Amino acid sequence: MHIRPVPITCAVLAASTVFAGEPSAPLTGDELDARHGAKVYRSACAGCHDHGKDGAPRLDRPESWKSRSFESFSVMENHARGGFLKMPPKGRRPLLSDRDVADAVFYMTQRLEGGETAMPSPAKEPSAQRLDEVAKRGARVMPFDLDKTIHVFSKMAQGGIQQVVAKQGTDAEQIRLIRQHLAEIAGKFSRGDFSAPTRIHGEDMPGLAELKRAAPGSLKVKYSILEQGAQIEYSAEDPALVEALHRWFDAQSSDHSGHTMEGHGGHHPH
C-alpha cells in the first residue's frame with residue numbers, strides 16, 4: 001500500500017462548537033500540521049492505534065493497514081471524522097475540529113510513509129502524583145467538574161484564547177459554573193491578580209512570574225460567553241509577554257492532562 005498525503009487536497013470545515021465559524025478554505029498537504037496532528041493523535045487516537053485495540057491497525061505496523069483499503073488521505077480523513085467499523089467518530093472527542101482531525105490523519109500518513117517530521121520529541125509527561133495534586137487543588141479553586149468539562153488553549157501571534165466548555169450541551173449547571181468562574185478570574189487577571197492559577201499550579205508555574213510582573217494594561221484580557229461555556233482572550237504587544245503566555249498555556253495543558261486540548265489560533269469561536 002502506498003499512502004499519498006501530499007498534494008492531496010481536503011476541504012476542512014471548522015464544525016465543532018468550540019471552533020465554530022466560517023468554513024475554512026481547502027487545505028493542501030503543505031498547509032497541514034503534522035506536529036499539531038501528533039498531539040491530537042496522542043489524545044484521541046493512540047489508545048487504539050498504538051496497541052491494536054478492537055482490531056484497529058497499528059501505526060507502527062504499516063502492513064496492518066493493507067486490508068483496510070485506506071489508499072488515500074481523503075478516505076482516512078472521512079473515516080476518522082465519521083467513524084468506521086468499531087472506530088467512533090473523532091475518537092469520541094466531539095470537540096475536535098475538522099482541522100484537528102485532518103492534522104491527525106496527516107500525522108498518521110506521515111508515520112506510515114516514514115516521514116521525517118512526523119515524530120516530534122514528546123513533552124515530558126507530568127507524574128501521576130503531580131496530576132493528582134493539581135486536580136485536588138483545582139477542585140478547591142474551580143467550581144465546575146473537570147470530568148464534565150474540557151479546557152481548550154489556542155495560541156495566537158499576539159496572545160491566545162483560553163476556553164472552557166461543558167462536554168454536554170444540555171449541562172446547564174456546568175455551563176453556569178464555567179461562566180461564573182471565568183468571568184471572575186478574567187477580572188482578576190486584568191488587574192494582574194493571578195492568585196487562582198498560583199494556588200492550583202504553584203509559584204514556579206512557567207510563564208506565571210512574567211504575567212504577574214507585566215505593566216498594567218500591557219496584557220489585555222477579554223471575557224465572553226460561548227454556547228457551552230465561556231472564554232478568555234489574551235493579547236499583548238510585547239513578544240516576550242506573548243511567549244510567557246504561551247508557556248503558561250502549555251503548563252496548564254500539562255497539569256490538566258486528560259481534560260484539555262490544543263486549539264488552532266486561526267479559528268475564532270463565537
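These numbers come from a predicted model, not from an experiment. Positions are given from 1 along the sequence.
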task = Check whether any side-chain heavy atom of Ser154 sits under 4.5 Å from a side-chain heavy atom of Phe249, and report yes or no.
result = no

message = Under the criterion side chain to side chain contact (heavy atoms under 4.5 Å, CB included), I'd like the reasoning laid out for Asp171 against Thr149: C-alpha separation, chi angles, the key distance, then a yes or no.
response = CA-CA 10 Å; Asp171 196 338; Thr149 58; over 6 Å; no

Minimum-distance pair of heavy atoms, taken over all atoms of Gly159 and His246 = O-NE2, 2.8 Å

query = Which atom pair, heavy atoms only, marks the closest approach of Leu208 to Pro197?
reply = CD1-CG, 4.4 Å

note = The reported gap from CG in Asp103 to OH in Tyr41 (rounded to nearest 0.5 angstrom) is 15.5 Å

ask   = Looking at side-chain heavy atoms only, is the closest gap between Lys148 and Gln168 below 4.5 Å?
value = no

For Phe144, ring pair (Phe, Tyr, Trp, His ring centres under 6.0 Å) partners two or more places apart = His151, His181

ask   = So, do His201 and Gln252 sit near enough that their side-chain heavy atoms are less than 4.5 Å apart?
value = yes

key: Partner of Gln174 under side chain to side chain contact (heavy atoms under 4.5 Å, CB included), chosen from Val165, Asp145, Val164   = Asp145

task = Indicate yes or no: at least one non-hydrogen side-chain atom of Ile161 is less than 4.5 angstrom from one of Met156.
result = yes

Partners passing side chain to side chain donor-acceptor pair (under 3.5 Å) against Thr198 (at least two apart in sequence or in another chain) = Lys212

ask   = Would Trp248 and Tyr234 count as a close aromatic pair, with their ring centres under 6.0 Å?
value = yes

query = If only atom types and distance count, is the side chain of Tyr223 paired as donor or acceptor with the main-chain N or O of Arg179 below 3.5 Å?
reply = yes

message = With a 4.5 Å cut-off on side-chain heavy atoms, are Ile178 and Leu226 touching?
response = no

note = The reported gap from OG in Ser254 to CZ in Arg247 (rounded to nearest 0.5 angstrom) is 14.0 Å

message = Would you say that Asp250 contacts Pro206 through its side chain, given a criterion of any heavy-atom pair below 4.5 Å between the two side chains?
response = no

query = Listed by chain and number, what are the salt bridge (Lys or Arg N to Asp or Glu O under 4.0 Å) partners of Glu173, not counting sequence neighbours?
reply = Arg176

query = For the side chain of His49 and the backbone of Pro57, is there at least one donor-acceptor N/O pair under 3.5 Å apart?
reply = yes

ask   = Can you name the nearest heavy-atom pair linking Ala196 to Ile185, along with the distance?
value = CB-CG2, 4.2 Å

query = Atom CZ of Arg213 and atom CG of Leu219: how far apart are they, to the nearest 0.5 Å?
reply = 13.5 Å

request  = Start with the C-alpha gap between Ser218 and Leu241, add the side-chain angles, then the distance that decides, and say whether side chain to side chain contact (heavy atoms under 4.5 Å, CB included) holds.
outcome  = CA-CA 8 Å; Ser218 58; Leu241 191 54; 3.8 Å; yes

Distance, nearest 0.5 Å, that separates CE of Met142 from CG of Leu182 = 10.0 Å

task = Using modelled atom types only, decide if a donor and an acceptor are shared between the side chain of Gln228 and the backbone of Ala166 within a distance under 3.5 Å.
result = yes

query = Within a strict 4.5 Å, meaning less than it, do heavy atoms of the Lys222 and Ile232 side chains meet?
reply = no

key: Derivation of the side chain to side chain contact (heavy atoms under 4.5 Å, CB included) call for Lys220 and Glu233   = CA-CA 8 Å; Lys220 296 179 175 59; Glu233 184 171 358; over 6 Å; no

query = Should Lys167 and Asp147 count as an ion pair when the cut-off is N to O under 4.0 Å?
reply = no

query = Yes or no on salt bridge (charged side-chain N to carboxylate O under 4.0 Å, His left out) for Lys90 and Asp100, after CA distance, side-chain angles and deciding distance?
reply = CA-CA 9 Å; Lys90 296 185 178 180; Asp100 292 323; over 6 Å; no

